[in-house]
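The next block holds one structure in the form of structure tokens; read it before the comments.
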Number of protein chains: 2
Amino acid sequence: MTKSARRGPYFCGIDAAMDVVSGKWKSLILWELHDHGTRRFAELRRGLPGVSEKMLIQHLREMEEDGLVHREVYREVPPKVEYSLTEHGLSLNAALAPLGEWGTGRIRRIGAEKVSFDVAATS
Amino acid sequence: MTKSARRGPYFCGIDAAMDVVSGKWKSLILWELHDHGTRRFAELRRGLPGVSEKMLIQHLREMEEDGLVHREVYREVPPKVEYSLTEHGLSLNAALAPLGEWGTGRIRRIGAEKVSFDVAATS
DNA sequence: AGAGGTACTTACCAAAAGGTAAGTACCTGA
DNA sequence: TCAGGTACTTACCTTTTGGTAAGTACCTCT
């Protein structure tokens, strides 16, 4: 009855890697966590302008299932939960670096804009 | 009136790269073209078990628009069209290599299966 | 007292992505 | 003559993905 799969079968390695990275915000979450080391839920939400809370936890849960992020719950009130990258999350991020450079080159080529906060924020 | 966009705005390079690679078969098309240098439409279809003709051309057209593949039409009967990677397609493929290796490692870790022809083929 | 913050969860809805199956026009080989 | 190949195109439908908005429970600050 799980709605998540992400366990193949796969055609090749790229196929398997894309499966865990595809999702509107996943690569951004990866970057955000790599950049800050560890982040709370609300910090991530603020760091990803435009993300909905629903998608944010959905993605975080899937990435936890896939062994990319670690979720540390502090049993206090108000609630505190910290997210960080696991070993596999870190290596995935490293593997994404060349792709990021290629993308930066493409942005230059086509003259695409960067997302600005006023574009991303819904209010 | 074009239904395709893929022109940003983007949060970062990975975002921009993912935009042109996301699509069920795109990375596979990239690999297939890199592997064989140049392929005809029907050769690609046979090389990607399970792909529908609709998605195959849709993806090929988008990748052509994005400057990743070159489409060479030979005005003969029966029709002959050859697809190959452009300079940018080749460099994208190179940038995907580390991701492919990471994915191969993940397949090993979770013990995922490779797609077999009987799984992929619809008839 | 009331606004706003913590981290979610849930129901409902819209848009995007992808699949099926048929049609087109012309050719080759059995 | 008739199946099967070439490279598509089109209409229709299902599945997947993502967004909205509300609710939960408890806290701090003004």
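Computed over heavy atoms, backbone and side chain alike; hydrogens, waters and symmetry mates excluded. In what follows, chains are A, B, ... by sequence order, proteins preceding strands, each numbered from 1.
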Where the side chain of [X] is concerned, which of [options] is the nearest nucleotide?
X: B:E53; options: C:dT6, C:dC8, D:dC8; result: D:dC8
X: A:K54; options: C:dC8, C:dA11, D:dG5; result: C:dA11
X: B:R61; options: C:dC27, C:dA7, D:dT9; result: D:dT9
X: B:M55; options: C:dT6, C:dG18, D:dT9; result: C:dG18
X: A:V77; options: D:dC8, C:dC8, D:dC26; result: D:dC26
X: B:R71; options: D:dC8, D:dG19, D:dT6; result: D:dC8

Does [N] have its OP1 or OP2 closer than 4.0 Å to a side-chain nitrogen or oxygen of [X]?
X: A:W25; N: D:dT17; result: no
X: A:R46; N: C:dT6; result: yes
X: A:R40; N: C:dT6; result: no
X: B:H59; N: C:dG18; result: yes

Side chain to side chain contact (heavy atoms under 4.5 Å, CB included) assessment of B:L44 paired with B:L60: CA-CA 10 Å; B:L44 280 171; B:L60 284 169; 4.0 Å; yes
Taking [atom1] from [X] and [atom2] from [N], how many angstroms apart are they, rounded to a whole number?
X: B:R75; N: D:dT6; atom1: CZ; atom2: C1'; value: 14 Å
X: B:L56; N: C:dA17; atom1: CG; atom2: P; value: 17 Å
X: B:E62; N: D:dC8; atom1: CD; atom2: P; value: 15 Å
X: B:I57; N: C:dA21; atom1: CD1; atom2: C1'; value: 14 Å
X: B:E43; N: D:dG5; atom1: CD; atom2: P; value: 14 Å
X: A:Q58; N: D:dG18; atom1: CD; atom2: P; value: 8 Å
X: B:K24; N: D:dT16; atom1: NZ; atom2: C1'; value: 11 Å
X: A:E72; N: C:dT6; atom1: CD; atom2: P; value: 19 Å

B:E113/A:R7 ion pair, N-O < 4.0 Å: no
A:E82/A:R39 ion pair, N-O < 4.0 Å: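 Result for this pair is no, no salt bridge flagged.
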Sugar-phosphate, base or nothing in reach of A:Y74, heavy atoms under 4.0 Å: nothing
Donor-acceptor pair between B:E72 and B:H70 side chains, under 3.5 angstrom: yes
Pi-cation contact, A:W25 with A:R45 (under 6.0 Å, within 45°):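 So A:R45 doesn't make the cation-pi contact.
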